[in-house]
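Convention: sequence-line order gives letters A, B, ...; per-chain numbering from 1.
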Amino acid sequence: MRHFWSSVCAIVWKDLKAEFRTKEMLSAMLIFAFLVIVIFSFAFDPGAQSIKQILPGIIWVGFFFSGILGLNRSFLSEQINDCISGLMLAPVDRAAIYFGKVFANLIQTTLVEAVALPVFIVLFDFSYAGSWLWLIVVILASTFGFVAVGTFLAALASNTRSSEVLLPIILFPVIVPVVIGAVELTKALFAGASISSVMIWLQVILVYDIVFTVVPFLLFDYLLEA
Amino acid sequence: MQKFRTVLGAATFLLICAAIYMVFIYAPVPSNVTDMPEVQKILYFHVSAAWIGFLAFFVVFVCSIVYLKNRSRKWDMVAASSAEVGVVYTSIVLLTGPVWGKAAWNVWWTWDPRLTTTLVLWFIYVAYLIIRNSAEEDEKRARFAAVFGIIGFIDVPIVFMAIRWWRTIHPIIFESNSVGLTPKMLTTLFVSLGAFTLLYLYYMLLRLDISKAKLQLAELKERLRSHY
C-alpha cells in the first residue's frame with residue numbers, strides 16, 4: 001500500500017514538474033477560462049439583473065471547457081517518445097498511473113479554477129456573501145468527479161485517431177450529473193441559501209465521485225494493454 | 001442460419017402487420033382525449049421503441065463485460081450491433097416524442113426527466129459508436145468500446161436520478177398524465193412491443209452477418225496479400 005501511494009505521488013510530481021517547467025497547459029487553460037467569461041459577457045448582457053442567476057452556469061461552463069484542454073493533454077503528452085510504454089513497464093500497479101494522473105489533473109484544474117473564480121466574480125460585479133468553505137467543498141467535489149472520469153476517458157481517447165475531438169464528445173454526456181449538481185449547488189450558495197437545503201446535490205456528486213473512482217480503477221487495466 | 005433469418009424476417013413482417021392493424025383499427029381511442037385522438041396512437045410505437053432501445057443498451061453492457069472477461073470476437077460483434085440498433089430505436093423515440101408532444105402538450109420538447117435522460121442516453125451511445133469508428137486496430141476498438149459500454153451504462157441511473165431531482169426544483173409545466181390503458185389498448189401495446197422485439201432480433205442478425213462478412217473479407221485480403 002505504501003509502495004502504491006509513493007508511486008502515485010511520483011507520477012503526480014513528474015506531471016506537475018513537467019507542467020511547471022513550461023506552464024504551457026496552465027496558461028492555455030487560464031486564458032481559455034478568461035475567454036469564456038468575455039464571450040459570455042458579449043452573449044448575455046453583463047449589466048442585467050438576470051446575470052446573477054446564470055452566473056453559476058457560466059462559471060461551470062468555463063471550468064469544464066478549460067478543464068477539457070488539460071485532460072486532453074494529460075495522456076497525449078505521454079504518447080510523445082512513447083513515454084506511455086515506459087510508464088506501463090514500470091513495476092507498479094496500473095491503477096497507480098490512473099490515480100497519479102487524476103491527482104495531477106485535479107491540482108492543475110483546481111489551480112486554474114482558483115485564479116479564474118475571483119476574475120469571474122469581479123468581471124460580473126458579483127458580491128459573494130455565502131460560506132467560502134462550502135463553496136470550496138462544492139468546487140473540489142465537482143472538479144474531482146469531472147477529473148476522475150475525464151482522466152479515464154482521456155486515456156481512452158489518446159489511443160485513438162481523433163483523440164482531441166473525441167474526448168469532449170465522449171466526456172460531456174457522461175458528466176451530466178456533475179454539471180447539474182455543481183450548478184445547482186453553486187446557484188444555491190450564490191443566492192445565500194444554506195447548504196442543508198441543497199444537500200441532495202452534494203450527495204449526488206459524492207456518489208458520482210465514488211462510482212467514477214471505483215469503476216475506472218477496476219477498468220483501467222483494460223485500457224492500458226499493449 | 002440463413003433459413004432461421006428468413007423465418008424470423010417473415011415472422012417479423014407478419015407481426016408488424018398485425019401490430020399496425022391493432023394500433024389503428026382494433027385499439028379504441030381513449031375517451032379523455034378529445035382533440036385529435038389519433039395522435040395518441042403514436043404511443044404504441046414510441047413506448048415500444050423506448051423499451052427495446054433500453055434493452056439494446058443493456059445487451060451492450062452485458063456483452064461488454066463478457067467480452068472483457070473472455071475476449072471472444074463474437075461478444076464484441078453482438079455489442080456493436082446492439083448499440084447501433086439501440087441508437088436507431090432511441091432516435092425513433094426522440095423523433096416520435098416531439099410529434100406527439102406538439103399535439104398533446106403544444107410544445108415540441110420539454111425538459112422532462114424521461115425525455116432528457118433519453119437524450120443523454122442517445123448522446124452516450126452515439127459516443128460509443130464514434131469510439132468504435134476512431135480506434136484503429138480491431139482488438140483495440142473492441143476493448144475501448146467495451147470499457148465505454150460499461151461506463152456509459154453505469155452512468156445512466158445516476159443521470160436519471162440527477163435529472164429527476166433537477167426537474168422537481170424547476171416548475172414542471174406539463175404533468176405527464178398517465179392515460180389509463182384499457183385491456184384492448186394494453187394488448188395492442190404488447191403486440192407492438194413483440195413486433196419491435198422481433199424487428200430488433202432481425203436487425204441484430206443482419207448486422208451480425210455484415211460483421212462476419214467484413215471479417216471474412218479482411219481474412220481473404222490478408223490471404224491474397226500473403227499469396228503474392
Side-chain angles (χ1 to χ4, degrees), chain A residues 53 145 148-150 152-153 155-185 187-188 193 197-212 214-226, chain B residues 57 61 64-71 76 87 90 111 113 116-170:
Chain A
Q53 262 138 44
V149 68
F152 181 75
L153 292 180
L156 190 159
S158 73
N159 269 304
T160 61
R161 247 179 300 151
S162 47
S163 53
E164 285 109 327
V165 188
L166 189 63
L167 183 63
I169 297 178
I170 63 178
L171 181 55
F172 280 127
V174 179
I175 59 160
V176 164
V178 179
V179 177
I180 301 176
V183 172
E184 290 296 335
L185 281 165
K187 203 184 272 174
S197 62
V198 280
M199 212 34 157
I200 189 153
W201 289 113
L202 202 57
Q203 286 163 358
V204 168
I205 289 193
L206 290 179
V207 166
Y208 189 94
D209 286 359
I210 293 167
V211 169
F212 283 101
V214 173
V215 175
F217 167 74
L218 295 174
L219 290 176
F220 198 67
D221 276 0
Y222 294 110
L223 276 190
L224 286 194
E225 274 174 13
Chain B
F57 296 144
F61 175 62
S64 298
I65 295 176
V66 177
Y67 174 78
L68 286 183
K69 280 270 166 261
N70 68 15
R71 301 302 169 101
D76 175 55
V87 167
T90 320
W111 295 93
T116 315
T117 308
T118 311
L119 184 65
V120 175
L121 198 68
W122 186 83
F123 273 121
I124 289 177
Y125 285 91
V126 168
Y128 174 93
L129 295 181
I130 294 175
I131 289 177
R132 295 201 72 92
N133 260 329
S134 53
E136 275 136 355
E137 302 117 60
D138 285 345
E139 187 272 336
K140 204 188 244 178
R141 170 183 309 134
R143 190 152 45 84
F144 286 2
V147 166
F148 192 76
I150 296 172
I151 289 269
F153 194 80
I154 291 175
D155 197 37
V156 171
I158 310 181
V159 170
F160 180 71
M161 293 316 279
I163 293 175
R164 222 178 67 178
W165 285 321
W166 175 58
R167 289 318 297 177
T168 49
I169 289 175
H170 297 254

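Pairing each heavy atom of A:Leu156 with each of B:Phe144, the nearest pair is O-CE2, 3.4 Å. Closest heavy-atom contact between A:Thr160 and B:Ser134: CB-O, 3.4 Å. For A:Pro173 against B:Asp155, the heavy-atom pair with the smallest separation is O-OD2, 3.7 Å. B:Arg71 and A:Tyr222 get closest at one heavy-atom pair: NH2-CD2, 3.0 Å.
Interface remark: of the candidates A:Leu223, A:Val204, A:Ile175, A:Ile169, A:Leu223 forms the most heavy-atom pairs closer than 4.5 Å to chain B. Per-residue heavy-atom pair counts under 4.5 Å with chain A were compared for B:Ile150, B:Ile151, B:Thr116, and the maximum is reached by B:Ile151. Annotation: maximal heavy-atom pairing with chain B below 4.5 Å, among A:Val215, A:Val165, A:Asn159, occurs at A:Asn159.
Proximity to chain B involves both the backbone and the side chain of A:Ile170, based on heavy atoms less than 4.5 angstrom apart. For A:Leu153, the part lying near chain B is the side chain, with the backbone staying farther off; criterion is any non-hydrogen pair under 4.5 Å. Looking at A:Val174, both its backbone and its side chain come within 4.5 Å of chain B, counting heavy atoms on both sides. Looking at B:Leu121, there are no atoms closer than 4.5 Å to chain A (heavy atoms on both sides), in backbone or side chain. With a 4.5 angstrom heavy-atom cutoff, A:Phe172 does not touch chain B via any of its atoms.
The structure places CD1 of B:Ile130 at 7.0 Å from CG of A:Leu166, a figure rounded to the nearest 0.5 Å.
The closest donor-acceptor contact from the side chain of A:Arg161 to the backbone of B:Glu136 lies at 3.5 Å or more, if one exists at all.
Legend: residues meeting side-chain contact (heavy atoms from CB on, under 4.5 Å) with A:Ile200, ordered by chain and number and at least two apart, are A:Gln203, B:Trp165.
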Verdict with reasoning, A:Val176 to B:Phe123, per side chain to side chain contact (heavy atoms under 4.5 Å, CB included): CA-CA 11 Å; A:Val176 164; B:Phe123 273 121; over 6 Å; no

